[in-house]
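Presented below is the structure to which this report refers.
One-based numbering, in listed order, for ligands and for the atoms of each. Throughout, numbering of the chain's residues begins at 1 and tracks the sequence.
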Amino acid sequence: MAEVKLIGAWFSPFSRRVEMALKLKGVEYEYIEEDLSNKSPLLLKYNPIHKKVPVLLHNGKPIAESSIIIEYIDETWEGPSILPKDPYERAMARFWVKFIDEKCTVPMWKACSSPGEEGEKAKEEAAQLLKFVEEEIKDKKFFGGDNIGLVDISANFIGYWFGIIQELMGVELLTKEKYPNLCEWIDGYINHSFVKDNLPPKDKMTEVFKAFTQPGYSGYKPKV
Ligand SMILES: N[C@@H](CCC(=O)N[C@@H](CS)C(=O)NCC(=O)O)C(=O)O
């Protein structure tokens, strides 16, 4: 039997994406929790370039970068498709994942965490970028159509993590009034039985974000 291991961090939206993909396909795997404030020789050996989680090990061979891992999982195991079959739809799914990862996440994070002018600028930028995502989801149940797919899994920061940060920091950016479609997607997404079971508990996540904001905190913190 194939041996599948995942090096991850429980609080990481990127790790959770991969866990969701493995579970969607029904792949059995061993989970190895990484301490990002004191990286293990295992992580450094298998992801020497980025030194980040997640890393998937399949029969001892490593794959890094969550989007690449998810595509690998989709191509390797049978079960519900994570990427659309149609080449155009597949290209567009990749486009939205890239857009969310490379354009949206940092301003969203800064909108909540940066003080003063930088924070205000980030809020404006994030608000505009989220409008594109709002347009894309429109009246679809999921980005993947009727079923959860690549973009849904990959938008888990928007769907879950961001809500916790907003609440903690008292920011009201992604609201029902301004983003009704996206908020409806969030409701459907986080309450979907499969997703619900694959998200870190809100109170534990809040503690992590609280710790990041403490003066003198020296543990792992996302670099933006
Ligand atoms: N582009 C990467 C991002 C992964 C990532 O940022 N992982 C964070 C945890 S949320 C990490 O391992 N950070 C360690 C570091 O920056 O040193 C992916 O999609 O897998």
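Within the structure, every pair that satisfies the salt bridge (Lys or Arg N to Asp or Glu O under 4.0 Å) test and touches residues 96-105, not counting sequence neighbours, is listed here: Arg17-Asp101, Lys98-Glu102. Among residue pairs with one or both ends in residues 151-167, those qualifying as salt bridge (Lys or Arg N to Asp or Glu O under 4.0 Å) are Glu167-Lys202; sequence neighbours excluded.
Relative to atom 5 (C) of ligand 1, the option among Trp161, Tyr220, Phe11, Phe14 with the closest non-hydrogen atom is Phe14. Looking at Ile70, Val53, Ile7, it is Val53 that brings a heavy atom closest to atom 4 (C) of ligand 1.
Note: Trp185 and Tyr189 meet the aromatic proximity criterion, with ring centroids under 6.0 Å apart. Aromatic ring centroids of Tyr217 and Phe212 lie under 6.0 Å apart.
The shortest N or O to N or O distance between Lys39 and ligand 1 is under 3.5 Å. For the pair Ser66 and ligand 1, the shortest N or O to N or O distance falls below 3.5 Å. Where the criterion is an N or O separation shorter than 3.5 Å, residue side chain and backbone included, Glu65 meets it with respect to ligand 1.
A salt bridge does not link Lys204 to Glu207: none of the charged side-chain nitrogens sits closer than 4.0 Å to a carboxylate oxygen.
Ser12 OG, 3.1 Å is the protein heavy atom nearest to atom 10 (S) of ligand 1. Among all non-hydrogen protein atoms, the one lying nearest atom 16 (O) of ligand 1 is Lys223 NZ, 3.1 Å.
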| task | Starting from the C-alpha separation in whole Å, work towards a yes-or-no answer on ring-ring contact (aromatic ring centres under 6.0 Å, His included) for His58 and Trp77. | result | CA-CA 12 Å; His58 187 197; Trp77 285 280; 4.7 Å; yes
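Not a single heavy atom of Glu34 sits under 4.0 Å from any atom of ligand 1.
In this structure, Lys131 is positioned above the aromatic face of Tyr179, its NZ or CZ under 6.0 Å from the six-membered ring centre and within 45° of the axis.
Short contacts between ligand 1 and Pro54, defined as distances under 4.0 Å to a heavy atom of the residue, involve ligand atoms 20 (O).
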